[in-house]
Every structure is written in structure tokens, then in C-alpha cells.
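Shown next, in C-alpha cells, is the structure this report addresses.
First the proteins, then the strands, lettered A, B, ... as listed; each starts at 1. Being a predicted model, the structure only gives us computed values, none of them experimental.
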2 protein chains.
Amino acid sequence: MNSSASTKERILTAAEALFAQRGFEGASLRQLTAAAGVNLAAVNYHFGSKDHLVEQVFKRRLDQLNARRLGALKHIAGLQETTLEDVLSAFIRPALDLSHDGGGGLFMRVLARAFAEHDDSLRKFLSENYGHVMRQFTVEFARLLPGLSKEELYWRIDLVTGALTHAMSGFGIIQRKSDVSETSHREQTAEHLIRFAAAGLRAP
Amino acid sequence: MNSSASTKERILTAAEALFAQRGFEGASLRQLTAAAGVNLAAVNYHFGSKDHLVEQVFKRRLDQLNARRLGALKHIAGLQETTLEDVLSAFIRPALDLSHDGGGGLFMRVLARAFAEHDDSLRKFLSENYGHVMRQFTVEFARLLPGLSKEELYWRIDLVTGALTHAMSGFGIIQRKSDVSETSHREQTAEHLIRFAAAGLRAP
DNA sequence: CGTATCCTCAAACGATCGTTTGAACCATTC
DNA sequence: GAATGGTTCAAACGATCGTTTGAGGATACG
């Protein structure tokens, strides 16, 4: 069972990296299993199919991400006064941390690919694992932006999501300079994102 | 030559739709040529390879988009006073129009896929066909936002790009309601985008 | 009419894809 | 020590991929 769990984890990690690099269709099981150092048949044995493997790659990280986001949201809900920046921080920083923690560095890029794939079953899976988190954050945003109509609010949250996904998946031209530590670069990224998003959400 | 151009156009149009729907790797030449009603070998005859076809799909629309964006930018440069909203409009509206005009409705989705693919040759191609337009808009943004450092400005333009790409490629949850005409929906989209982006760019 | 040029077509090429198979291995249990 | 259930392995399966080939059709020019 231990060696099995290790094989599964090795597959998941190699899959995450290869999916980020080559896409879900572009990464073959042969490249993937070779990178993981396991037998080709191990994917179908442990995951049933390549599609199920894709889902599990998402599940492993989304569970982390959702838990951290909700934890951060709960934490600031206990404060006396919450600002828009606090809620944005609870939304953004867990994702940034995941981008740099424990090997999850490539996951946001995989997530961005999933946005680009309009595959319905994958979108349904994401919405089921993601929907309730977004709904809770939407409630908080609505509370802090009472002047916005529901439609306006949805629009702006959608645009914030686009900006964050873009930035967090490393599409952008902004790269960390060699004389800046990773920690401080992450902090700068978070500040830029929060400042921009807060201003956009507060737009007159 | 006429029937040849027609074959090429049919391939380009079918490719654009299939690339948007299934991705560059996911769309096969057999599906593609069947949808276009042409022979399988026609792609390699007219375009040399699938990769070159991908480039030409981009080139056909990017040439339109770049021309319209630069035209709009030139137009407002002639005005006495230019606002941030004017420049954003010159940047956003041509893309929105392209999303609804002359069969280019799926192109922005293809473009978003290209952002997700980190394929270097494709990125290089895009940067060569896209770079000078972005540079011109950056100059205008810098002029209208004199308080921002270069780094801040790049960051914010990058975030604006992310928000626009996300919105224009139809990722978002916002869909046109049946009681709203396409024209007015496009206008509303443009207004939301411009308002949000302008506020984000002006963030303190 | 003959030739040249461009284009289309069916067929096949080798490569690679996701998946399945059945034997071998290895720890645990009786 | 024989049997069991979970796991790994090399090998093969049929399907599909992008690309190439060579024959044939179509049109224009001499």
C-alpha cells in the first residue's frame, strides 16, 4: 500500500508538470510514466483512465487551495472590520502560496489550461469542486460593495478572476528578477494584484 | 487560383472553429478537412504542415485586429484631449468587434488557448505580430498615467490583458441573455471592461 | 492538339496514441 | 509452505495521428 501510494503520488506529480508544459492532450502517458519512473500500465491500474488521472491531478491541489482559501476567509470574518483588501488577500494569497509551495508550482498553469479547455465534463468537475468557494467569496464581496448591482458584481468578479488567473499562471511578461528573493517577489505580486483588483472592484 | 483560395479559406475557417473547440492538439486534420469539405492532403499542400496552418489561422485575424486597434489609436491621437477610457476603448472594442464580426467569433477563444499553450515557437510568432501594437498602447498608457513607475505600469497592463482575454474569450459566467440584442450586449461588455480596467490602472 | 501548371484525390506510410492482457513478483495470512 | 490479493512489468492491441505519394482532373497557353 505504501509503495502503491508512492506510485500514485509520483504519477500525479509528473502528470501535473507535464500537463502544465504540454497540455492534457499533448502529454502522453508514455512521457508521463517515463518521467515518473513507473510502468506505462500503472496509470490505468491506479486511475482507470487518463481522464480520471486529469481529474485527480486537479483534486489533489484544489482540495488544498479550497481549504486554505476558506480558512483565510474564516479568519478575517472574525475580525472587527473587514476591508475589500482583506477578502482579496484571502482569495489571492493561498493561490500564490500554492504556486510556490511543495511542488505545486505548476498547478496554476494547469488550472489556466483547464479554463482554456472548454471540455464540459472537466468544467463540471471544476464547478463542483470550486463553486461553493466562489459563492462564499461572492457573498463577502457583495457585503463590502453594497453599491453594486448583482450583475455588475458578477462582471467584476469575473474580470478579477481573469486577471488573477493570467498573473498566477505566469502568462505575463513579468518575471522574477534574479536579485529579488522568491518570497519578496511573491509578496510584490500579491500587492500588485490586490491593489489592482480592489480598485477595479470599487470602480465608480 | 480562385478555387484554391476558396479551399484555403475553407480550411482556415474550419480550423479556427475546431481549434477553439478542441485545441490545437485535440483537433485532427481529418476532422478539420471533413468539416471544411476538402481533401485530407489539402492542408499539407496549401500550408505545408499543421503547425504552419496554426500560424496562418492566427495571422488572418491578428492582421485584422492589429489594423483596427492601431487605426483606433491613431484616431483618438488626433483628438484634443485623450482620456484613459479612450485608449482602453481603442484597445478593447476592436477585439470585441472581431469576436462578433465576419465569422471571427471564435478567434478570441483560439487566442486564449494560445496564451495557455506555452509553446515557444507560437509565442514567438505572436510576439512578432503583436509586439509593436502593445508597445504603442503602452506608450499611451504611460503618458496618461505619469504617476506610475515602469514596473507598476507593466504589471497593470498585464493584469488588464488577463481580464480582457478572460472576458473576451467567453470563459466567464456572464452570458448574453435572450432578451438583450447582441449589439447592446457587446456595448455593455465594452463598458464593463473599460470601467473596470480604467479603475484598476488608476489604482492609488 | 499538346504541354505545362495548379490542384484534388484515394491510398498508404510509419509513428504514436490510450488501453488491455497475462505472467511475474511480493508481502501477508492461514 | 501454500495460497491470496495487491502491484508491477513487458508486450501487444486496435485506433488514430500528421505526412507523403503518385495518379488523375482541370484550366490556360503555345
Full working for side-chain contact (heavy atoms from CB on, under 4.5 Å) between A:Thr7 and A:Asn39 | CA-CA 10 Å; A:Thr7 296; A:Asn39 186 270; over 6 Å; no

Residues A:Arg22, A:Gln31; criterion side-chain contact (heavy atoms from CB on, under 4.5 Å); working and verdict = CA-CA 11 Å; A:Arg22 307 199 197 247; A:Gln31 299 170 339; 3.7 Å; yes

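Here A:Arg202 pairs with A:Leu84, A:Glu85, A:Leu145, A:Ala198 under the side-chain contact (heavy atoms from CB on, under 4.5 Å) rule; sequence neighbours left out.
Of the charged side-chain nitrogens involved, at least one lies within less than 4.0 Å of a carboxylate oxygen, so that A:Glu152 and A:Arg156 count as a salt-bridged pair. Remark: B:Arg93 engages B:Glu187 in a salt bridge, criterion side-chain N to carboxylate O under 4.0 Å. Electrostatic pairing of B:Arg60 and B:Glu9 counts as a salt bridge here, judged by a charged N lying under 4.0 Å from a carboxylate O.
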Map every base of DNA chain C to its dot-bracket character, where paired means a Watson-Crick or G-U wobble contact with both distances under 3.5 Å and | marks a partner outside the strand.
-> ||||||.|||||||||||||||||||||||

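Checking C:dC6, D:dT7, D:dG18 against the side-chain heavy atoms of A:Tyr45 singles out D:dT7 as nearest. Looking at the side chain of A:Ser28, the nearest of the listed nucleotides D:dG18, D:dT8, C:dG18 is C:dG18.
Distance CD1 (B:Ile11) to P (D:dT19): 13 Å, rounded to an integer number of Å. Between the P atom of C:dT16 and the CG atom of B:Leu29 lies a distance of 17 Å, rounded to the nearest Å. Here the C1' atom of nucleotide C:dT20 and the CZ atom of A:Phe47 are 18 Å apart, to the nearest Å. Summarising the geometry, the separation between CZ on B:Arg10 and C1' on C:dT8 is reported as 12 Å, rounded to the nearest angstrom. For the pair B:Leu53 CG and D:dG18 P, the computed distance is 11 Å after rounding to whole Å. Taking atom CG of B:Asn44 as the reference point, atom C1' of D:dG22 lies 15 Å away to the nearest angstrom. At whole-Å resolution of the value, CD in A:Glu25 and C1' in D:dT16 are 12 Å apart.
Residue A:Thr7 has a polar side-chain atom (N or O) positioned under 4.0 Å from OP1 or OP2 of D:dT8. Between A:His46 and D:dT8 there is a side-chain polar atom (N or O) within less than 4.0 angstrom of OP1 or OP2.
Within residues 30-43 of chain A, the residues that have a heavy atom under 4.0 Å from DNA chain C are, in order of number, A:Arg30, A:Leu40, A:Ala41.
Without hydrogens or angle criteria, B:Lys50 side chain to B:Ser28 main chain gives no donor-acceptor distance under 3.5 Å.
Nearest heavy-atom pair, A:Leu201 versus B:Phe196, reported as atom, atom and distance to 0.1 Å: N-CE1, 4.0 Å.
With no hydrogens or angles considered, no side-chain donor-acceptor pair links B:Asp86 and B:Ser89 at under 3.5 Å.
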